[in-house]
Amino acid sequence: MEIPVREVIRYLGYRKVMPEEEILQKIRDASALLNERIRPRTTSVRLSVIEWDESHVQIGGMEVESRGLTRNLHGCREAFLIAATLGTEADTLVRRAMVQSPADGAVMQAAEAAMIEAVCDGFQEELRQQVEKEDLCLRARFSPGYGDFSLEHQRDFMRLLHMSSSIGVTLTDSLLMVPTKSVTAVIGLSPMHEETVHDCSACMARECAFRRES
Amino acid sequence: MKDFRERLGREWLFWDGGMGTLLQARGLAGGELPETWNLRYPERIREIHEAYMRAGCNIINTNTFGANRLKYPEELAEIVSAGVRIAREARDNVYQDRTAEQDIYIALDIGPTGKLLSPLGDLPFEEAVSIFAEVVRAGAEAGADLVLIETMNDSYEAKAAVLAARENCSLPVVVTTVYDEKGKLLTGGTPESVTATLEGLRVDALGVNCSLGPRQMLPIVQRLAAATSIPVVVNPNAGLPREEGGRTVYDMDAREWAETMTEIAACGVQVLGGCCGTTPEYLSELIGRVRAAEGGIPFRPQTRKDRTVVSSFSQAVEIGGRPVIIGERINPTGKKRFKQALRERDIDYILAEGLRQEDAGAHVLDVNVGLPEIDEPAMMEQVVRELQSVTAMPLQIDTSDPAAMERGLRYCSGKPLLNSVNGKQEVLETVLPIAARYGAVVVGLCLDEGGIPDTADGRVAIARRIYETAERYGIERRDVVIDGLAMTISSDTRSAQVTLETLRRVRDELGGHTILGVSNISFGLPQRELINAAFLTMAMQNGLSCAIMNPCSEEMMRAYRSYCALADLDPQCREYIAAYANAPKAVYGQAPAGSSAGAAGTAGTQSGGAASGAQSQGAASGARSLGECIERGLIGPAREAAAAGLRTMPGLELIEKELIPALDRVGRGFEEGTLFLPQLLMSADAARAAFDAVRESMADQPRESRGTVILATVKGDIHDIGKNIVKVMLENYGYEVIDLGKDVAPEVIVETALEKDVRLVGLSALMTTTVVSMEETIRQLRERKPDTKVVVGGAVLTQEYADAIGADCYARDAMATVRYADSVFGY
């Protein structure tokens with residue numbers, strides 16, 4: 001799997017500056033190691049969507065109060081819940097690199113962040129091809145924690161996707177996923193042919209250091 | 001009824017099949033917890049049990065798979081005992097109408113908690129044990145005949161469950177785990193590593209269930225049967241799943257499934273059954289085929305495998321083939337810097353010492369953390385746990401303190417070596433029961449009340465006695481490795497010959513495996529590496545199975561790799577070539593820097609990189625100043641420059657005049673946006689190497705510190721990368737950091753601040769859900785230690801957020817934390 005160097009650099013905090021060769025080499029090494037050691041796992045379920053009002057939407061057995069998500073799903077009759085993870089070894093690799101050299105640890109962490117996003121993109125593309133035949137297309141991914149979509153709903157993802165047994169993702173009491181390099185998201189199936197861009201505009205964390213400039 | 005243990009492994013036994021699909025057919029709604037039906041609709045559960053019994057199954061699972069206090073905080077005991085009671089009633093019914101042909105056993109079914117154990121997740125090991133223990137006690141009391149621990153995808157959690165069963169009942173215990181099509185557990189375990197762990201824990205049978213259909217399971221079953229000496233259980237799904245109209249269906253019908261299962265039955269398996277999607281019809285088809293008078297499958301008991309295996313959660317290492325290298329560097333003996341790390345609880349230093357040995361070629365890590373002034377059992381536990389979060393190498397628990405031994409073995413995720421017992425009766429009686437309880441390969445030292453015999457005869461006699469006594473405690477011969485004892489030739493030149501003869505005779509006369517602390521042979525001599533390397537070769541030639549040695553010593557690794565190539569233990573000389581094809585020629589008469597066995601801390605200290613790379617870096621450094629090395633992030637050269645600087649300047653002056661100003665220049669670049677995080681950290685790395693050189697030179701003097709800072713990732717949060725980066729920076733600026741780790745309760749932070757009178761606490765939280773704990777920590781600190789300042793940081797925090805929760809400072813990055821610390825401590 002190609003881990004996009006540009007994204008790794010972005011996660012490392014470089015803004016429009018190309019790192020020197022030494023850092024680029026560290027990124028290549030980390031990416032090679034990840035590709036050798038990590039087997040990403042994904043899972044999904046397709047559920048019906050009912051839009052109750054402008055801030056309440058129901059996806060299968062999950063009822064959500066969120067303006068952001070409701071807007072995102074507006075006009076969709078169905079949605080995928082997806083989950084993806086790099087697994088426990090990804091956490092081990094960061095900790096390990098960190099102990100040996102903090103710089104390597106930071107690079108590994110950024111490379112994994114880019115990798116899990118790439119995994120989600122690849123998985124979303126698979127799903128897109130699946131629904132293309134039905135003349136449907138996919139909306140941008142929307143995850144618990146984005147805007148007003150509460151992290152509480154990670155519990156619903158756990159239940160509806162059987163995440164601990166299917167891909168080994170568990171939830172702490174404080175609603176964090178472990179392994180930490182894991183993502184859950186809702187992806188609406190839209191009957192309209194529309195341009196979808198996955199960007200940061202839906203998120204309200206405007207101060208976020210990693211915010212993409214649109 | 002015949003005892004279950006009398007039948008297991010001696011004749012075919014058949015487990016029942018799936019429960020979920022049958023419950024759904026009887027009206028269980030999606031999202032409804034199946035175990036609640038034990039109380040609501042016991043007759044429906046009973047009906048399913050009876051159908052399986054009539055199909056010919058001998059082992060029936062109670063409907064308790066998901067029953068634990070995390071899911072049922074209120075009525076757990078009722079649900080579990082009802083589960084057992086229902087199964088027993090079903091059995092009474094089929095016995096009464098004589099539809100069962102054989103004895104039927106009720107298995108208390110225990111599934112995973114759905115949580116990941118710490119340190120990776122947030123469920124403490126003992127908490128997991130206690131969760132399982134509660135289920136075991138209720139089930140055993142209600143009259144279950146055995147315990148089934150199933151669908152486990154983490155062998156550490158499986159271990160917690162087995163300990164809970166062993167410590168709370170005397171029932172037989174069977175464990176089945178879930179493999180993917182590559183033969184791995186979700187947490188990385190393999191059939192071989194899981195087998196070593198579970199056999200060590202003395203389970204009655206082990207196997208595989210769920211996740212795959214029988215066809216995909218076949219290669220995994222073959223590996224299990226090849227690895228284990230105990231009965232194998234195979235409970236697959238009804239093929240592979242797919243979604244159909246919102247329901248999960250499986251791709252094999254009963255006949256096809258049963259047909260494939262007969263192939264599995266012929267692979268060295270003793271117990272067969274089903275999992276998701278299978279029904280009484282599937283089992284009936286299977287049992288009919290296996291038991292058929294004509295064309296049935298003859299039962300074969302498991303064969304004994306006489307192999308010595310140690311394992312971690314995911315790696316199995318066999319002792320007895322190619323000699324095993326056990327890295328000896330996690331050990332304070334003779335190492336000032338390591339002792340200092342133990343006293344300061346500098347776990348990262350210890351972990352780095354372990355990882356360096358792994359990179360250098362060790363197969364197993366020895367863990368010795370004994371120091372008179374520290375709490376050794378607690379330290380052993382912490383180091384074992386933390387090592388397991390960074391490496392998958394099996395461990396050797398090395399201590400003479402029985403309490404530390406027990407802690408090390410209990411929290412080890414796998415089957416470790418235990419170093420050691422000896423021929424003294426008292427030691428044997430203390431240590432062997434501990435080894436038997438947790439499963440370990442025991443190192444037996446050839447000495448006893450009479451001291452160390454100076455003849456091989458005497459040592460072999462002690463070895464014999466250790467084997468015999470171990471067997472009395474249920475520890476098989478294959479789980480004992482004999483230490484023939486390397487004694488220095490500087491005091492008795494015959495001693496190497498005695499040791500070598502002992503190795504040979506343990507191998508030839510006792511059929512045993514051996515281990516040596518190799519470098520002891522040269523104690524008191526100059527150029528010890530020369531003797532050590534030659535002795536290592538001789539010992540391996542005389543049958544040595546495990547060498548406790550320094551794998552970072554190139555001299556030793558040359559001897560090891562050369563021996564393996566010459567002894568036909570390195571196919572196509574692959575490893576030899578990989579190690580030396582591109583290496584510069586060895587220069588003899590000039591020992592590699594810092595590689596003598598006694599030298600502290602300096603051997604191979606370049607992190608991770610190839611030795612050749614570091615050498616060229618070193619060569620290029622020439623006359624570079626320490627400051628320049630730090631700014632450019634050159635680790636090796638920074639260390640050398642520091643060492644050179646120490647010849648003309650006292651350590652403290654070097655720090656103040658060169659180190660800190662260089663760090664400051666880098667820090668300013670970072671703050672101004674001309675330098676970025678990786679460069680900041682590379683400089684920090686180089687500075688750390690320089691610091692280490694300085695600290696080594698003054699290890700006896702009390703350290704000068706700018707002040708003490710507590711760092712912690714708050715309760716509920718397990719992200720610690722940011723906190724670790726802050727720690728590195730603070731330490732480089734001369735602060736003493738008390739790193740409390742991640743997921744730290746407010747009380748612990750407050751107590752530590754009070755106890756050590758700490759003026760600054762740094763808190764990290766990554767998620768909105770855990771900022772709550774941050775707020776609570778600040779509240780408690782204000783209440784009990786109002787003079788302590790609090791600096792906070794983490795992805796979701798902002799200045800406004802920090803103000804709202806009452807922090808003194810919001811630090812947007814590591815440098816900002818350093819600046820704030822400087823302002824608090826007046827620098």
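Keep in mind that what you see is a predicted model, and the values were worked out from it rather than measured. Heavy atoms only: backbone and side chains are in, while hydrogens, waters and symmetry mates are out. In what follows, chains are A, B, ... by sequence order, proteins preceding strands, each numbered from 1.
Only the side chain of B:Glu386 comes within less than 4.5 Å of a heavy atom of chain A; its backbone N, CA, C and O stay farther away. For B:Asp180, the part lying near chain A is the side chain, with the backbone staying farther off; criterion is any non-hydrogen pair under 4.5 Å. Heavy-atom distances place the backbone of A:Ile167, and not its side chain, under 4.5 Å from chain B. Neither the backbone nor the side chain of B:Gln799 has a heavy atom closer than 4.5 Å to any heavy atom of chain A. The parts of B:Thr391 that come within reach of chain A are both its backbone and its side chain, each placing non-hydrogen atoms under 4.5 angstrom from that chain. Heavy-atom distances place the side chain of B:Thr770, and not its backbone, under 4.5 Å from chain A. The contact between A:Val99 and chain B is made by backbone and side chain atoms together, counting heavy-atom distances below 4.5 Å. Of the atoms belonging to A:Arg46, not a single heavy atom falls under 4.5 Å from chain B. Neither the backbone nor the side chain of A:Glu152 comes within contact range of chain B; no heavy atoms are under 4.5 Å apart. Only the side chain of A:Val17 comes within less than 4.5 Å of a heavy atom in chain B; its backbone stays farther off. Looking at B:Ala684, there are no atoms closer than 4.5 Å to chain A (heavy atoms on both sides), in backbone or side chain. Neither the backbone nor the side chain of A:Leu93 comes within less than 4.5 Å of any heavy atom of chain B. Contacts between B:Asn153 and chain A at a heavy-atom distance below 4.5 Å involve the side chain alone, from C-beta outward.
Annotation: side chain of B:Leu680 is not in contact with side chain of B:Leu675 (no heavy-atom distance under 4.5 Å). Using a 4.5 Å cut-off on side-chain heavy atoms (C-beta onward), A:Arg141 and A:Cys120 make contact. You'll find the side chain of B:Lys115 reaches within 4.5 Å of the side chain of B:Leu70, heavy atoms only.
Not one N or O on the side chain of A:Thr85 forms a donor-acceptor pair closer than 3.5 Å with the backbone of A:Arg41.
Contact count against chain A (heavy-atom pairs under 4.5 Å) is highest for B:Gln679 among B:Gln679, B:Lys182, B:His719, B:Arg688.
Listed by sequence position, A:Arg39 are the residues of residues 31-40 of chain A in contact with chain B, using a 4.5 angstrom heavy-atom cutoff.
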